[in-house]
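Heads up: the structure comes next, in structure tokens.
Order of the sequence lines fixes the chain letters, A, B, ..., with proteins taken first and strands second; residue numbering starts at 1 for each chain.
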Protein chains: 2
Amino acid sequence: MAGIKDVAAAAGVSVATVSRVLNAHPSVSEDARSRVLAAVDELGYRPNAVARSLRTAQTRTLGLIISDVMNPYFTELARSVEEEARALGYSVIIGNADESPKLQDDHVRTLLDRRIDGLLVSPTDGGSPQLLDAARAGTPTVFVDRWIPGVDVPVVRADGSAAVRDLVAHLHGLGHRRLAIIAGPAATTTGSERVDAFRAALGAYGLELPEEYVGQGDFQAESGRRVTEAFLALPEPPEVVFAADNLMALGALDAIRARGLRIPGDIALAAFDDIPWFVHTDPPVTAIAQPTRELGRAAVRALTAVIEGRRARSVTLPARLVVRRSCGEPGAPPGTAPPARPDQSPTPRPRPRSNP
Amino acid sequence: MAGIKDVAAAAGVSVATVSRVLNAHPSVSEDARSRVLAAVDELGYRPNAVARSLRTAQTRTLGLIISDVMNPYFTELARSVEEEARALGYSVIIGNADESPKLQDDHVRTLLDRRIDGLLVSPTDGGSPQLLDAARAGTPTVFVDRWIPGVDVPVVRADGSAAVRDLVAHLHGLGHRRLAIIAGPAATTTGSERVDAFRAALGAYGLELPEEYVGQGDFQAESGRRVTEAFLALPEPPEVVFAADNLMALGALDAIRARGLRIPGDIALAAFDDIPWFVHTDPPVTAIAQPTRELGRAAVRALTAVIEGRRARSVTLPARLVVRRSCGEPGAPPGTAPPARPDQSPTPRPRPRSNP
DNA sequence: GGGTTCCGTGGAATCGATTACACGGAGGAT
DNA sequence: ATCCTCCGTGTAATCGATTCCACGGAACCC
């Protein structure tokens, strides 16, 4: 493959001049520039990014570590991260930690060896050693979705508390009083925050969240099924099951169907994380939608800011409630599922965004 | 960050010796080795992969270009590719072509600039210029899932024809005679092959595949919906809709529901590509499952073989039919759907699962 | 007209590793 | 004892770019 020397020779200039042309350095004569460009074109020359990286000490590569690639939420996040990064001239190496701190550390190490310019992480746990080291050692790092308290790193995430309040209001308005939640791992921020928000929202309606209505899940479908089965076996089963992520909601759906119960007739179901599939289930699932695309973009922008030495602030974007049919139908159809449906209902709570 | 020179200094040896220790070169004294190792440990030294790549002309990085990351099939493929690659000491840079040849070329160019060791591609079309150039120029390349006829590159894919025959047998046994297919883009091999296999299988039962029973989709959900609506508007609508990929099946599901029809009572549905979600829909969807994990692993192994100069052969793995309930319940269930579920029901439709 | 400034350019150092080659010393063969 | 062969090690070249510095010549200023 042709190198910069070949181009220099072909154009009758030095390698320095070729480099200057390629990097749009001002002091190059028009004549030299055109000869270089012609040579580049003729030889089909493409600069070697590896050599460039060695010299400039930047790879224009970002590392993205997510906890579960098979989860549609993270897939979408990864997609938007890659898109935004590409727009900014960065490539992305994705590492799938599979909810394992060990694997996560493995990925951090590899990425650091490859001298990525920055690290985007949705941490699996409270702080694996490599990750903490990297962050403290000054590797540009940004947390996305989940974060680790006490680590001074910008966080890009969605705040679901308002949406959870809207959800509880919606459920309460439908007459539901016994609400249960399938929680995520307590070691993750998203795991605990969602339970807290739910409990707080219930409190505003004078409702309790008893211990037996808090099931411990692990963000995987199977745990949703298990927890839901336990709920249904209770002497007084809940009227609503709220799953703290989409996969657990799926498990819940299965468990409910396996019991021969109908949704929302016999029991209502709602989920945190909205995904395209929830439109296609029967019934469509009411969910709290995170602005996933925007999260990905904001995360990349924050990270590149840190990389370029600008100080980046944390970003918190609001999640919003998307009412479908899995919790029951109010007097006037509230849904927002399929494409263009006029949402304005004459009844109270025209758009679920306020808090009581 | 500490470099190899620092290690050499700390251990009182030359950089050559340090390098030899790190690369397990035989001729290093036990004494020197231990001193180097100690120094490495103390300084927390990690070799700079960029410098190493420049010198050795290999990056131990693979490029993976897929046509749609949001499609669960490709997500799973990407996951298994990354896993196998990691096991072999490679990192993976994923590019999402989004079914656009232009974007695909863009990714090829970037990856080549980064001097990846090999390219794994599921081509979006019949041959975008950059991709063809790369393959012909000798960049180690392997096609996965889809391929480009006439290009001499190993192909790792699943053969669905036997499974399609099984499916048609299954449908025929259930009494269905009017079978329609939602096809993928003709420019992709998977798009045309599946239609061909379907037509051939029908032929074996003396059935035709009339023109109006072949809908043109694009592997996206919306096209599945559109095509299915057209099918249902036909004077004589099909009894079965077979979608050539999972997303289009989803669209079909929607269209059928929107018409108020029941599956499989009013119309049957089957899909190519099995995904976890098909277990959770109502009813669970009969599908043709590709050995996705194995495809990913085989693709990586083939690619690394080419990289290391060994000659790699193409691999074709069989897909298999997974019978669920979206086509009707046969007298004796042939299927192999969920783990260990005694599916044999004496009476039809034992559990309340239909919708009014 | 002479000195200063600026511009375009090339030579060479540099990034951090790997590795060919040379070299000194130990051990074996004769 | 002499020579040859290895073995362990260090010196320096190398990979392909970027960039500091120096230099020659043109333009500009009094």
Side-chain angles (χ1 to χ4, degrees), chain A residues 1-40 43-61 89 91 109-117, chain B residues 1-40 43-61 89 91 109-117:
Chain A
M1 191 167 296
I4 196 171
K5 281 207 277 264
D6 305 303
V7 176
V13 297
S14 72
V15 294
T17 301
V18 176
S19 175
R20 280 190 272 258
V21 171
L22 264 32
N23 294 285
H25 188 95
S27 59
V28 183
S29 70
E30 197 45 55
D31 177 52
R33 180 190 319 283
S34 63
R35 289 215 311 285
V36 168
L37 258 19
V40 164
L43 296 174
Y45 168 74
R46 300 248 78 210
N48 183 326
V50 175
R52 189 199 298 253
S53 290
L54 177 60
R55 182 60 232 253
T56 61
Q58 53 164 329
T59 50
R60 295 205 76 84
T61 303
S91 293
R109 201 186 338 265
T110 318
L111 292 169
L112 256 31
D113 283 356
R114 287 175 188 264
R115 300 299 191 269
I116 46 136
D117 292 340
Chain B
M1 193 166 295
I4 196 172
K5 281 207 278 261
D6 305 302
V7 176
V13 297
S14 72
V15 294
T17 301
V18 176
S19 175
R20 281 190 270 257
V21 171
L22 265 32
N23 294 285
H25 190 94
S27 60
V28 182
S29 70
E30 197 46 56
D31 177 51
R33 179 191 317 285
S34 63
R35 288 216 312 286
V36 167
L37 258 18
V40 164
L43 296 175
Y45 168 75
R46 300 248 79 209
N48 183 327
V50 176
R52 189 200 298 254
S53 290
L54 176 60
R55 183 61 232 253
T56 61
Q58 53 165 328
T59 50
R60 295 206 77 82
T61 303
S91 293
R109 200 186 339 262
T110 317
L111 293 169
L112 256 30
D113 284 355
R114 289 177 186 262
R115 301 300 192 267
I116 46 137
D117 293 340

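Rounded to the nearest 0.5 Å, atoms OG1 (A/T110) and CD1 (A/I116) are 10.0 Å apart. Taking NE2 from A/H25 and CG from A/N23, the interatomic distance works out to 9.5 Å, rounded to the nearest 0.5 Å. Atom CZ in A/R55 sits 12.5 Å away from atom CG in B/L54 (nearest 0.5 Å). Between atom CZ of residue A/R60 and atom CG of residue B/D113 there is a gap of 13.0 Å, rounded to the nearest 0.5 Å.
The nearest whole Å value for the distance from the CD1 atom in B/I4 to the C1' atom in D/dG10 is 13 Å. Between the CZ atom of B/R114 and the P atom of D/dA17 there is a distance of 15 Å, given to the nearest Å. To the nearest angstrom, P of D/dG8 lies 14 Å from CZ of B/R35. Remark: C1' of D/dC7 and CG of B/D31 are 15 Å apart, rounded to the nearest angstrom. If you take CZ of B/R33 and P of D/dG8, they are 9 Å apart, rounded to a whole angstrom.
Within the 4.5 Å cutoff, no side-chain heavy atoms of B/L22 are placed close to those of B/V7. Considering only heavy atoms from C-beta on, A/S91 comes within 4.5 Å of B/R114 through its side chain.
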Criterion side chain to side chain contact (heavy atoms under 4.5 Å, CB included) on B/R46 and A/R109, from CA distance to verdict:
CA-CA 9 Å; B/R46 300 248 79 209; A/R109 201 186 338 265; 3.1 Å; yes
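Within 4.0 Å of A/V13, counting heavy atoms only, lie sugar-phosphate atoms of the nucleic acid but no base atom. Residue B/T56 is in sugar-phosphate contact alone, with no base atom involved, counting any heavy-atom pair closer than 4.0 Å across all strands shown. Among the protein residues, B/T17 comes within range of the sugar-phosphate backbone only, with heavy atoms under 4.0 Å from sugar or phosphate atoms but none that close to a base. Across all strands, B/S29 comes closer than 4.0 Å only to sugar-phosphate atoms, never to a base (heavy-atom distances).
Toward the 5′ end of DNA chain C lies the nearest nucleotide of A/V15, the other residue of the pair B/L22 and A/V15 mapping further downstream. Of the two residues contacting DNA chain D, namely A/R52 and B/A32, the nearest-nucleotide position lying further toward the 5' end is that of B/A32.
Side-chain N/O atoms of B/R55 include none lying less than 4.0 angstrom from OP1 or OP2 on D/dT14.
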Along nucleotides 21-26 of chain D, 5' to 3', which nucleotides get a B, which get an S, and which get a -, given that the test is a protein heavy-atom distance under 4.0 Å?
------
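Under the 4.0 Å criterion applied to side-chain N and carboxylate O atoms, A/R35 and A/D31 are assigned as salt-bridge partners.
Although no hydrogens or angles enter the test, the distance criterion places no donor-acceptor pair under 3.5 Å between the side chain of A/R115 and the main chain of A/T59. Of the possible polar contacts, none joining the B/S19 side chain to the B/V15 backbone as a donor-acceptor pair under 3.5 Å is found.
Extent of DNA chain C lying under 4.0 Å from chain B heavy atoms, first and last nucleotide in 5' to 3' order, is C/dG16 to C/dT19.
Looking at every heavy atom in both residues, A/A10 comes nearest to A/A39 through CB-CB, 3.9 Å. Residues B/V50 and A/S53 approach most closely at CG1-CB, 3.8 Å, considering heavy atoms.
An angle of 50°, rounded to 10°, separates the two end axes of the helix from C/dG1-D/dC30 to C/dT30-D/dA1, each defined over five pairs.
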